[in-house]
Amino acid sequence: MVERLSDFRSDTVTRPTPAMRAAMAEAEVGDDVFGEDPTVIRLEERAAELLGKEAALYVPSGTMSNLIGVRVHCKPGDEMICEAGSHVYNYEQAGYAQLSGVAARPVEGEHGVLHPEQLAGLIRPADAHFVRTRLVTLENTHNRGGGRIQPYRTVEAICRWAHQSGLATHLDGARLFNAVVATGIPAAEWAQHFDTVSVCFSKGLGAPVGSALAGSSDLIAEARRHRKVLGGGMRQAGIIAAGALYALEHHIDRLAEDHANARRLADGISQIDQLRLEPEQVDTNLVFFRVDPRWGTAEEFVAALKSKGVLMLATSPVKIRAATHLDVGTADVDQAIAAMKDVARRGG
Ligand SMILES: *Cc1c(COP(=O)(O)O)cnc(C)c1O
């Protein structure tokens, strides 16, 4: 009999804590489309301040934040350079193409990390045959790269090259605060290299809804227009913004616990013959591992784990992702390791 479920599928599954719910219940609100929601305004100011930007915009999701981020830099017929495994390229329905007429130029990185040398020569000549290269988008931490932190010097070099080449830069920082906590490099320092930065409140920070896009006042004013046409203008959004604000105030430093739990989980996985960490290096809160096909498929492994009260996500026929977050503690990690050992033994 399963006593409790430990949910490692994603860091989006967290529920607001009682203190966060209290902050939401008490939030002062107004009509944010009229610019009259004091809580949304406070959240946007705080996000801008943390990211060292002039302004920020509260949006319903990371997908919308990236969509608008690309949109403020590019027009139809422009091209964005991005990493081939990136979220914006793989998991957002190519919204930049569907809705903004923008082409993507994916470049294969190493666990999500692009090297500056790979980008030289990618800018299209000014000639009527070609799209116009306009933007470089990076992702930090990199989800499919295994929660990989982009090396700071690499980010700096890529963005310097982009700006010197007349390109804009956008950061998908859905999990930027994981990189901040793991490296000790402040968010504003990472963000200074980018014209726009998107951060998610609904991932490791544990808020129920929303992301923010930060940048110059001009770009964010433009972003506000795009948010409206996409249907992202919300009214008394202070209710949910209060959860995000609470998360910024109370849930950043604790991401270190998630990182420690991810390492503990990875250590456990590395002791199991039928499983292999991939990548082996676990930088933050995401752990990816491969199931030996002689045991069975990733789906089968996940189904067997579920019967033991542990939820994980099969991301391919052979690969599984586990994310640590606010709602899984060390005891859940130990339960998961025990369950994985049991399951692996049974099939092997
Ligand atoms: C989750 C995620 C997004 C999108 O956020 P949603 O709020 O789910 O739309 C974007 N980029 C990365 C790297 C993510 O992990």
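Predicted, not measured: the structure shown is a model, and the values here were computed from it. Every number for a ligand or one of its atoms is a count from 1 in the order of the listing. Basis for what follows: all heavy atoms, side chains included, without hydrogens, waters or symmetry-related copies.
- Applying the 4.0 Å criterion to heavy atoms of Ser61 picks out, from ligand 1, the atoms 7 (O), 9 (O).
- Contact between Ala247 and Ala207 at its shortest, heavy atoms only, is CB-CB, 4.2 Å.
- Ionic pairing of Asp78 and Arg124 is not present here: no N-O contact between side-chain nitrogen and carboxylate oxygen is shorter than 4.0 angstrom.
- Not a single N or O atom of Glu139, backbone or side chain, sits closer than 3.5 Å to an N or O atom of ligand 1.
- Across every non-hydrogen atom of Ala47 and Phe201, the tightest pair is CB-CZ, 4.5 Å.
- Looking from atom 2 (C) of ligand 1 to the surrounding protein, the closest heavy atom is Lys203 NZ, 2.2 Å.
- Ring orientation note: the planes of Tyr152 and His193 are nearly perpendicular, at an angle over 60° on the 30°/60° scale.
- Against a heavy-atom cut-off of under 4.0 Å, Thr63 is close to the following atoms of ligand 1: 4 (C), 5 (O), 6 (P), 9 (O).
- Against a heavy-atom cut-off of under 4.0 Å, Arg175 is close to the following atoms of ligand 1: 15 (O).
- Taking the six-membered ring for Trp, His251 and Tyr246 have ring centres closer than 6.0 Å.
- When each atom of ligand 1 is checked for a heavy atom of Asn66 under 4.0 Å away, the hits are 10 (C), 11 (N).
- Neither the backbone nor the side chain of Met64 has a heavy atom within less than 4.0 Å of ligand 1.
- With a 4.0 Å cut-off on non-hydrogen atoms, His142 does not touch ligand 1 at all.
- The side chain to side chain contact (heavy atoms under 4.5 Å, CB included) test applied to Gln150 returns Val113, Asn140, His142, Val155, not counting sequence neighbours.
- In terms of protein heavy-atom proximity, atom 7 (O) of ligand 1 is closest to Gly62 N, 2.8 Å.
- Closest protein heavy atom to atom 11 (N) of ligand 1: Asp172 OD2, 2.6 Å.
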